[in-house]
Q: 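Following this message is one structure expressed as structure tokens.
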Amino acid sequence: YEGVNTIKEMGRSIHEIPRKE
Amino acid sequence: DSCIQFTRHASDVLLNLNRLRSRDILTDVTILVNRQQFRAHKTVLMACSGLFYSIFTDSLKCNMNAFSLDPKVDPEGFAILLDFMYTSRLTLKESFIVSVMNTAIYLQMDHVVDTCHRFIKSSD
């Protein structure tokens, strides 16, 4: 992303699939 | 213009893929190594291994759902590399490092081969 101000988000980005249902 | 980069996204996605593997969800291939069987996702295998990339981009082979590897391949070495593909962590056990390196050569995972080689040389 040249020339774009990038904000870094350190937290989780997506849901976590459980080890079992 | 600005954007938000989620720095953990790649590892969060890989963790979810490994959860799908461990629950055998949407796995689409069985890899047979001697008498051991490993379930996996073709897309992950071909993203990480030159050998699997060649196999699954071959129109005659890509629809097969089971593959036997060369009998010289060590199941433990393959298991360590399969875990690496899904976790980015390569288990280094003194007794297995050579077998992991040889399996990585067979699977055409050159960067892993180089790293194993450097590790073996440094521990010598």
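Everything numeric in this text was worked out from a predicted model, so none of it was measured. A note on names: the letters A, B, ... follow the listed sequences, proteins ahead of strands, and every chain is numbered from 1.
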Q: In the single-linkage hydrophobic clustering (I, L, V, M, F, W, Y; side-chain heavy atoms under 4.5 Å), do B:Val44 and B:Ile25 co-cluster?
A: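 B:Val44 clusters together with B:Ile25.
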Q: Measure across A:Glu9 and B:Ile4 and return the closest heavy-atom pair with its distance rounded to 0.1 Å.
A: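 Closest approach of A:Glu9 to B:Ile4: CB-CG2, 3.5 Å.
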Q: Around atom CD of B:Glu94, are there more than 12 heavy atoms of other residues, nucleotides or ligands at under 6.0 Å?
A: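 Atom CD in B:Glu94 is not packed in, count stays at 12 or less.
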Q: What I'd like to find out is whether the side chain of B:Arg19 reaches to under 4.5 Å of the side chain of A:Arg19, using heavy atoms alone.
A: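 Yes - at least one pair of side-chain heavy atoms lies under 4.5 Å apart.
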Q: Give me the atom names and distance for the closest heavy-atom approach of A:Met10 to B:Thr7.
A: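 Distance-wise, the nearest heavy atoms are CA-OG1, 3.4 Å.
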Q: Check the hydrophobic clustering (I, L, V, M, F, W, Y; side-chain heavy atoms under 4.5 Å; chains of links allowed) and say if B:Leu32 and B:Leu81 are grouped together.
A: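 Shared cluster, no.
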Q: To check you understand the geometry: which heavy-atom pair defines the closest contact between A:Ile17 and B:Asn16, and what is its length?
A: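 A:Ile17 and B:Asn16 have their closest heavy atoms at N-OD1, 2.8 Å.
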Q: Looking at every non-hydrogen atom in both residues, tell me the closest pair between B:His9 and A:Ser13 and how far apart they are.
A: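 Minimum heavy-atom contact is ND1-OG, 2.7 Å.
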Q: If you group Ile, Leu, Val, Met, Phe, Trp and Tyr by side-chain heavy-atom gaps below 4.5 Å, do A:Ile14 and B:Phe6 land in one group?
A: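 No: no chain of side-chain contacts under 4.5 Å links A:Ile14 to B:Phe6.
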Q: If you count the non-hydrogen atoms of other residues, nucleotides and ligands that lie under 6.0 Å from CG in B:Leu26, is the total more than 12?
A: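 For B:Leu26, atom CG is not crowded (no more than 12 foreign heavy atoms under 6.0 Å).
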Q: If you check every heavy atom in residues 101-117 of chain B against those of chain A, which residues fall under 4.5 Å?
A: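 The stretch does not come within 4.5 Å of chain A.
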Q: Under 3.5 Å, which donor-acceptor pairs do the side chains of residues 53-60 of chain B form with other protein atoms, sequence neighbours left out?
A:
from    : atom 1 : to      : atom 2 : distance (Å)
B:Ser54 : OG     : B:Gly50 : O      : 2.9
B:Thr57 : OG1    : B:Tyr53 : O      : 2.5
B:Thr57 : OG1    : B:Ser54 : O      : 3.3
B:Asp58 : OD1    : B:Leu60 : N      : 2.7

Q: Heavy-atom distances under 4.5 Å only: say whether B:Leu15 touches chain A with side chain, backbone, both or neither.
A: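 Looking at B:Leu15, just its side chain touches chain A.
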